[in-house]
Amino acid sequence: MKIKNPVLRWLYVYGMIVLGCALYALCFNWFFQPNNISMGGFTGVAQIINRLFPVMPVGVTSIFLNIPLFTIGVRKQGLKLLVTSLSAMGISSLMIDGLDLLHTFQPMEEPLLACIYGGVLVGVSMGMLMTVGATTGGSDLAARLLKYRLRHLSIGKLCLGIDVAVICLYAITFRSVNNALYGIIAMYISSIAMDMVVYGSVNAKMAYIISSRSGEIARQLLSMNLGITLLDGQGGFSGDRKQVVLCAFKRNQIAAIKATVTAIDPIAFIIVCEAHEVLGEGFGEYSPDSL
């Protein structure tokens with residue numbers, strides 16, 4: 001989301017950070033901690049330390065664990081990461097400990113429900129933070145740094161790999177296989193939710209349109225301010241030469257495109273695909289720090 005006014009941009013960024021941190025803290029205190037489900041990441045490591053040494057609050061311990069990782073992150077991404085992510089880490093950690101002091105949540109009768117709802121809400125909260133260039137530290141910051149070398153993996157999958165390693169450590173430490181398995185389920189769900197928040201905002205699809213009236217279809221799509229590309233093709237059965245119309249568009253434009261194409265050629269082939277990411281005019285822009 002682009003906001004030109006610097007004041008509004010600042011309010012938007014830190015509003016998202018506070019909201020994401022509040023959601024993150026609520027999930028931890030409501031779904032994970034009372035049900036003894038490991039959260040993964042440095043928060044999961046802090047859970048282990050808290051269980052072994054109860055005098056160490058989870059939030060404060062998480063802050064100390066994140067210091068070395070933030071040092072590396074600042075060298076890679078600059079002071080912007082330091083300001084936004086330190087804010088997010090500090091706010092989320094203090095909210096975790098503050099909410100724990102204000103209210104004690106009881107364990108749920110169905111731990112699987114805690115996994116599902118906790119996983120979804122944690123993924124949404126971390127995705128919200130990442131869309132404004134912030135992290136809570138731990139696995140999401142580590143995943144963001146690994147993304148520079150592993151560009152082919154999504155941010156959610158990188159977080160999942162780190163979280164599963166921490167959850168396995170949790171299982172070994174407390175010999176609690178069931179709770180570790182619940183944690184893996186929750187982190188898998190959170191990785192899907194995070195990818196939907198981070199990459200779903202692209203909101204794009206792609207269509208291949210095969211028709212004997214491709215020229216007319218192309219002109220009509222151009223009149224709708226859609227970018228198109230004409231590809232040379234040949235019918236496999238008939239051997240006829242045809243032009244294939246390639247078009248990238250927003251999700252809310254699909255109905256208008258199908259109506260336009262079928263009005264010109266009712267028997268046209270329209271193949272609609274999901275576009276994981278679209279860069280260019282009208283869509284996103286490439287950045288070395290992009291997720």
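- Side-chain atoms of N36 do not come within 3.5 Å of backbone N or O of N179 as any donor-acceptor pair.
- Atom CG in L99 sits 10.5 Å away from atom CZ in F28 (nearest 0.5 Å).
- Hydrophobic clustering of Ile, Leu, Val, Met, Phe, Trp and Tyr side chains at less than 4.5 Å, counting indirect connections, unites V55 with V45.
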### Query
Which is it for R51 and Y170 under the side chain to side chain contact (heavy atoms under 4.5 Å, CB included) test, yes or no, and what are the steps along the way?
CA-CA 10 Å; R51 288 283 297 277; Y170 182 94; 3.1 Å; yes
### Task
Might you work through the side chain to side chain contact (heavy atoms under 4.5 Å, CB included) test for V132 and Y12, ending with a clear yes or no?
CA-CA 9 Å; V132 294; Y12 171 75; 3.8 Å; yes
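- Judged by distance alone, the side chain of Q243 and the main-chain N or O of L230 form no donor-acceptor pair under 3.5 Å.
- Residues S92 and Y24 approach most closely at CB-CD2, 4.2 Å, considering heavy atoms.
- Here the SG atom belonging to C21 is positioned 5.0 Å from the CD1 atom belonging to I91, to the nearest 0.5 angstrom.
- We find the CD-CG distance between Q33 and N50 to be 5.5 Å, quoted to the nearest 0.5 Å.
- Scanning all heavy atoms of the two residues, the minimum distance from G127 to V197 falls at C-CG1, 3.5 Å.
- At least one side-chain heavy atom of Y208 sits under 4.5 Å from a side-chain heavy atom of C273.
- Under the 4.5 Å side-chain criterion, counting only non-hydrogen atoms from C-beta, V122 is in contact with F32.
- Around OH of Y14, the count of heavy atoms belonging to other residues, nucleotides or ligands within 6.0 Å exceeds 12.
- The shortest distance between side-chain heavy atoms of L65 and I49 falls below 4.5 Å.
- With a 4.5 Å cut-off on side-chain heavy atoms, V245 and S211 do not count as touching.
- When the options L226, I270, V272, T262 are evaluated for a side-chain contact (heavy atoms from CB on, under 4.5 Å) with I257, the one that passes is L226.
- Considering only heavy atoms from C-beta on, S125 stays 4.5 Å or farther from L121 through its side chain.
- Side-chain heavy atoms closer than 4.5 Å link hydrophobic residues (I, L, V, M, F, W, Y) into clusters, and following such links, possibly through other members, connects M196 to L19.
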### Stepwise salt bridge (Lys or Arg N to Asp or Glu O under 4.0 Å) test for R213 and E216
CA-CA 6 Å; R213 303 176 65 181; E216 189 177 348; 2.7 Å; yes
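- In terms of heavy-atom proximity, M128 sits nearest to M16 at O-CE, 3.8 Å.
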#### Entry: Chi angles and distances behind the side chain to side chain contact (heavy atoms under 4.5 Å, CB included) call for I217, T260
CA-CA 8 Å; I217 291 172; T260 299; over 6 Å; no
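- No donor-acceptor pair under 3.5 Å is formed between the side chain of S62 and the backbone N or O of V58.
- Shown here is F105, whose CZ atom has more than 12 heavy atoms of other residues, nucleotides or ligands within 6.0 Å.
- Counting heavy-atom neighbours within 6.0 Å of I267 CD1, excluding the residue itself, gives a total of 12 or less.
- A donor-acceptor contact shorter than 3.5 Å is absent between the side chain of D100 and the backbone of I96.
- If you chain together hydrophobic residues whose side chains sit under 4.5 Å apart, I271 and V244 fall into the same group.
- Minimum heavy-atom separation, Q234 to G239: NE2-O, 3.2 Å.
- Closest approach of K205 and I254 over heavy atoms only: CD-CD1, 4.1 Å.
- Of the inter-residue distances, the one linking L129 atom CG with T131 atom OG1 reads 7.5 Å to the nearest 0.5 angstrom.
- From L23, atom CG reaches atom CG of L26 across 6.5 Å, with rounding to the nearest 0.5 Å.
- Residue A268 comes nearest to V261 through the heavy atom pair CB-CG1, 3.9 Å, listed as atom of the first residue, atom of the second, then distance.
- From D97, atom CG reaches atom CG of L102 across 11.0 Å, with rounding to the nearest 0.5 Å.
- Linking ILVMFWY residues whenever their side-chain heavy atoms come closer than 4.5 Å, directly or via other members, leaves L94 and M89 in distinct clusters.
- L246 and L222 are not part of a single hydrophobic cluster, where members link through side-chain heavy atoms under 4.5 Å apart.
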### Task
Could you walk me through whether S214 and I209 pass the side chain to side chain contact (heavy atoms under 4.5 Å, CB included) test, one step at a time?
CA-CA 8 Å; S214 57; I209 302 166; over 6 Å; no
